[in-house]
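See structure below.
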Amino acid sequence: MSRKVIIAGNWKMNKTAAEGKALVEALKPLVADVCPECAEIVVCPPFTTLAAVVEAARGSNIKVGAQNVHWAESGAFTGEISAAMLKEAGAEFVILGHSERRQYFGETDETVNKRLKAALAAGLKPIVCVGELLEEREGGRTEEVLARQLEGGLAGLTGEEMSRVVIAYEPVWAIGTGKTATPEMAELTHNFIRCTLNDLFGREIGEGVRIQYGGSMKPENAKELVAQRNIDGGLIGGAALKAESFSALIHNAIAK
């Protein structure tokens, strides 16, 4: 089954509104040649930068996402943001369950699931992150951890809802540690995720779900990673913060 490549830049807590606008304005001409039928390009700025980035990206082939969403429509949830607010700001995608949200802010499979259902109900396209820590990897628990995160995070979804979800595999042990996953290692884990999705939702749905790699994809390794059968793009950190490196990564990822 042919799956469209999706490259999403997670800006994390970087870029003011003015800086974000400048980055998108610099990126637009560099990726204008990327066919929308070949690949989706997404940038995910901080909440306060969303509106400026949406305006800057208007009319281009760059789509915009947010970095989190709350499960409630409104209420006493200081510091949170609702799906309706993101939609009004112009967001199309939203990242959920990122390893940093799990590590620093107490995100669990249960809260990921609640946020996911709220995002889907509002018409947002979720990017759901899963991944194991170094001690889990070295303890031989990678598949156990990923199965738990997938089963818990995706619990209660219909096949139709799952078809609108993107999965991002983050090998937390390979991010900023100096350790790297080879394309073959990454493919093995992506294949396990694909098989788990097939088991949970049936092969027709599971084979259509796009699975991004989020383990320090760079311009230098993007082509080899995306060439793997079950790697459908990347969730990009540092390389997405400069127009030149993000553009180079995108072009290398879709190069034949």
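- The shortest distance between side-chain heavy atoms of E184 and E224 falls below 4.5 Å.
- When side chains are defined from C-beta on, I7 counts as touching F246, because their heavy atoms get closer than 4.5 Å.
- Linking ILVMFWY residues whenever their side-chain heavy atoms come closer than 4.5 Å, directly or via other members, leaves L188 and M217 in distinct clusters.
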Show the numbers, then the answer: is there a salt bridge (Lys or Arg N to Asp or Glu O under 4.0 Å) between R102 and D109?
-> CA-CA 9 Å; R102 296 176 189 262; D109 299 331; 2.8 Å; yes

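- From M13, atom CE reaches atom OG1 of T48 across 10.5 Å, with rounding to the nearest 0.5 Å.
- A distance-only check finds no donor-acceptor pair linking the side chain of E207 to the backbone of E204 [under 3.5 Å].
- Residue A57 comes nearest to V64 through the heavy atom pair CB-CG2, 4.1 Å, listed as atom of the first residue, atom of the second, then distance.
- For the atom pair F192 CZ and T142 OG1, the distance stands at 9.0 Å (nearest 0.5 Å).
- R115 pairs in a side-chain contact (heavy atoms from CB on, under 4.5 Å) with only one of the listed residues (L120, L96, V128), which is L96.
- Residues T189 and L146 have side chains in contact (heavy-atom distance under 4.5 Å, counting atoms from C-beta outward).
- Contact detail for A119 and P126: the closest heavy-atom pair is CB-CG, 4.2 Å.
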Test salt bridge (Lys or Arg N to Asp or Glu O under 4.0 Å) applied to K12 and E100, step by step = CA-CA 9 Å; K12 306 188 180 184; E100 290 156 7; 2.7 Å; yes

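- For the pair L241 and K15, the minimum side-chain heavy-atom distance is below 4.5 Å.
- If you chain together hydrophobic residues whose side chains sit under 4.5 Å apart, Y169 and V145 never meet in one group.
- A donor-acceptor distance shorter than 3.5 angstrom exists from the side chain of K117 to the backbone of A155, with no hydrogens or angles considered.
- No path of Ile, Leu, Val, Met, Phe, Trp and Tyr side chains, each step under 4.5 Å between heavy atoms, connects W71 with M85, placing them in separate hydrophobic clusters.
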Report the C-alpha separation of L27 and V43 in whole Å, then their side-chain angles, then the decisive distance to 0.1 Å, and conclude whether the side chain to side chain contact (heavy atoms under 4.5 Å, CB included) test is met.
-> CA-CA 10 Å; L27 181 64; V43 294; 4.3 Å; yes

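- At most 12 heavy atoms of other shown residues, nucleotides or ligands fall within 6.0 angstrom of atom CD in E110.
- No more than 12 heavy-atom neighbours from other residues, nucleotides or ligands sit within 6.0 angstrom of NZ on K21.
- Scanning for side chain to side chain contact (heavy atoms under 4.5 Å, CB included) contacts around Q103 gives an empty result, with sequence neighbours left out.
- For the residue pair N252 and P219, the shortest heavy atom distance occurs at ND2-O, 2.8 Å.
- To the nearest 0.5 Å, atom CG of residue L200 and atom CD1 of residue I193 are 12.0 Å apart.
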Steps toward side chain to side chain contact (heavy atoms under 4.5 Å, CB included) verdict (I127, Q212) | CA-CA 9 Å; I127 298 173; Q212 296 175 307; 3.3 Å; yes

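- For the pair A91 and V54, the tightest heavy-atom approach, listed with the atom from each and the gap, is N-CG2, 4.4 Å.
- Within the structure, ring pair (Phe, Tyr, Trp, His ring centres under 6.0 Å) contacts touching residues 76-105 (residues at least two apart or in different chains) are H70-F77.
- Side-chain contact between V24 and I62 is present, with at least one heavy-atom pair separated by less than 4.5 Å.
- Annotation: side chain of V209 is not in contact with side chain of V166 (no heavy-atom distance under 4.5 Å).
- Here K28 pairs with E25 in a salt bridge; the nearest charged N to carboxylate O distance falls below 4.0 Å.
- Under the 4.5 Å side-chain criterion, counting only non-hydrogen atoms from C-beta, L133 is not in contact with W173.
- N61 CG to I250 CD1: the interatomic distance, rounded to the nearest 0.5 Å, is 8.5 Å.
- Counting all heavy atoms, side chain and backbone alike, A83 lies closest to A118 at CB-O, 4.0 Å.
- A donor-acceptor pair shorter than 3.5 Å can be found between the side chains of S99 and E170.
- Between I81 and N68, every side-chain heavy-atom pair lies at or beyond the 4.5 Å cut-off.
- Ion pair R194/D232 flagged as a salt bridge, since at least one NZ, NE, NH1 or NH2 atom sits closer than 4.0 Å to an Asp/Glu carboxylate oxygen.
- In terms of hydrophobic clustering, with Ile, Leu, Val, Met, Phe, Trp and Tyr side chains grouped at heavy-atom distances under 4.5 Å, L235 and L150 are assigned to different clusters.
- The 12-atom threshold is exceeded at NZ of K4, counting heavy atoms of other residues, nucleotides or ligands nearer than 6.0 Å.
- Residues E187 and Y213 have side chains that never bring a donor and an acceptor to within less than 3.5 angstrom of each other.
- Taking a cutoff of 4.0 Å between a charged side-chain nitrogen and a carboxylate oxygen, R137 and E143 do not qualify as a salt bridge.
- Annotation: the span from L157 atom CG to F201 atom CZ amounts to 5.5 Å, rounded to 0.5 Å.
- Between A186 and I231 the shortest heavy-atom distance is CB-CD1, 3.8 Å.
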Side-chain donor-acceptor pairs under 3.5 Å in residues 29-42, sequence neighbours left out?
from	atom 1	to	atom 2	distance (Å)
D33	OD1	H251	NE2	2.9
D33	OD2	H251	NE2	3.1
E40	OE1	R210	NH1	2.8
E40	OE1	R210	NH2	2.7
E40	OE2	K63	NZ	2.6

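- Under the 4.5 Å side-chain heavy-atom criterion for Ile, Leu, Val, Met, Phe, Trp and Tyr, I6 and L225 are members of distinct hydrophobic clusters.
- Here E151 contributes atom CD and N113 contributes atom CG; the two are 12.0 Å apart, rounded to the nearest 0.5 Å.
- Looking at S247, its side chain never comes within 3.5 Å of a backbone N or O of E244 through a donor-acceptor pair.
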